[in-house]
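In what follows, chains are A, B, ... by sequence order, proteins preceding strands, each numbered from 1. Please read all numbers here as calculations on a predicted model, not as lab measurements.
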There are 2 protein chains.
Amino acid sequence: MDLTGNDAPGCGTGRRRRRPLSVTATVLGKKWHPLIVSVLLEAGALGFNELKERVQGISDKVLSESLDDLEERDLVDRTVIDDKPVRVEYSLTEWGEQLELVVTAMDEWGKRYLDAHGTDPAAD
Amino acid sequence: MDLTGNDAPGCGTGRRRRRPLSVTATVLGKKWHPLIVSVLLEAGALGFNELKERVQGISDKVLSESLDDLEERDLVDRTVIDDKPVRVEYSLTEWGEQLELVVTAMDEWGKRYLDAHGTDPAAD
DNA sequence: CTGTATCCTAAAGGATACTG
DNA sequence: CAGTATCCTTTAGGATACAG
């Protein structure tokens, strides 16, 4: 897994510098990442299974991998709470929280787009 | 290719309605789409090869497929200009242009993130 | 100039079962 | 509760060659 963003599209052979846009796209381009970030923005810290319920449809394995990736990229904090049984809390770092602007913009565009293109029941 | 957004993550088995966020994520989650939209935002209408030059590193095939997808989703207009040789111009529809907010937010987050995480030359 | 047609591979994602 | 371990399928993406 590349964390530098060097594998981001548009970086060519290195002659051109990494594009900020592509760095963000690499992060939010993973299938479940935007949703996970969005859920954490709304709900604050959550345990693994709480998160899994809210991110409907994701499997254990994929959620686990996604969280690992988000943690490596410094968007998510993982805190082990040493109860019995062990609890783990996932929450956003400052970087994760600063994605709120992006996520909000995405959500609003999506709303408008759905209103215009998705209203047709035949589309369902 | 699903255009309805029903295959978007978080839509589960259909009990929950499609999430606007996931619709946007499905569009901008394709590897080259954000960059293509961004280039068209900056440059306005462009021909196939002009586009290809600016979206550094993309292959003919992938650019072609991406443009087909963006056209189907009503983000991009394709205009055939009947010169000899034939020219084709790609430009953003109103929906494409309305992504500017999203793209800008992504770009700015990316800048800040790179400043904080990518300054280290060892990261390259 | 603007693409298609093939072919190929790496990687992401999903189903299921099992563990500390 | 919070994950790993396998195994498997799909597909996005890339290289290359050719075509209208």
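Distance from the side chain of A/N49 is smallest for D/dA2 among the nucleotides D/dA2, C/dT2, C/dT4. The listed nucleotides are C/dT4, D/dC1, C/dG13; the one nearest the side chain of A/K31 is C/dG13. For A/K30, the side-chain atoms get nearest to C/dA12 when compared with the rest of D/dA2, C/dT4, C/dA12. Picking from C/dA12, C/dT2, C/dG14 the nucleotide with the shortest atom distance to the side chain of A/V62 gives C/dG14. Residue A/R78 places its side chain closer to D/dA2 than to any other of D/dC1, C/dT2, D/dA2.
Atom-to-atom, NZ of B/K52 to P of C/dT2 comes out at 11 Å; the value is rounded to the nearest Å. Going from atom CD of B/E53 over to atom C1' of C/dC1 covers 12 Å, rounded to whole Å. One interatomic measurement links the two molecules: CG of A/L67 to C1' of C/dG13, which rounds to 15 Å at whole-angstrom precision. Following rounding to the nearest Å, B/I81 (CD1) and C/dC1 (C1') show an atom-to-atom distance of 12 Å. Distance NZ (A/K84) to C1' (C/dG20): 10 Å, rounded to an integer number of Å. When the C1' atom of C/dG14 is taken as reference, atom CD1 of A/I58 falls 11 Å away, rounded to whole Å. Taking atom CG of A/L63 as the reference point, atom P of C/dA15 lies 14 Å away to the nearest angstrom. With rounding to whole Å, A/D60 atom CG is found 11 Å from C/dA15 atom P.
Applying the 3.5 Å distance criterion, the base of C/dG14 shares a donor-acceptor pair with the side chain of A/K61.
With respect to B/E89 and B/R87, a salt bridge is recorded, a charged nitrogen being found less than 4.0 Å from a carboxylate O. Between A/E50 and A/R54 there is no salt bridge, since none of the side-chain N atoms of the basic residue sits less than 4.0 Å from a carboxylate O of the acidic one. Note on A/K111 versus A/D115: no salt bridge recorded, every NZ/NE/NH1/NH2 to OD/OE distance being 4.0 Å or above.
Here A/Y90 reaches the OP1 or OP2 of D/dG3: one of its side-chain N or O atoms lies under 4.0 Å away. Distances shorter than 4.0 Å separate none of the side-chain N or O atoms of A/S59 from OP1 or OP2 on C/dG13.
Under a hydrophobic-cluster definition in which Ile, Leu, Val, Met, Phe, Trp and Tyr are linked whenever side-chain heavy atoms come within less than 4.5 Å, directly or via other members, B/V88 and B/L40 are assigned to the same cluster. Hydrophobic clustering of Ile, Leu, Val, Met, Phe, Trp and Tyr side chains at less than 4.5 Å, counting indirect connections, unites A/V80 with A/L67.
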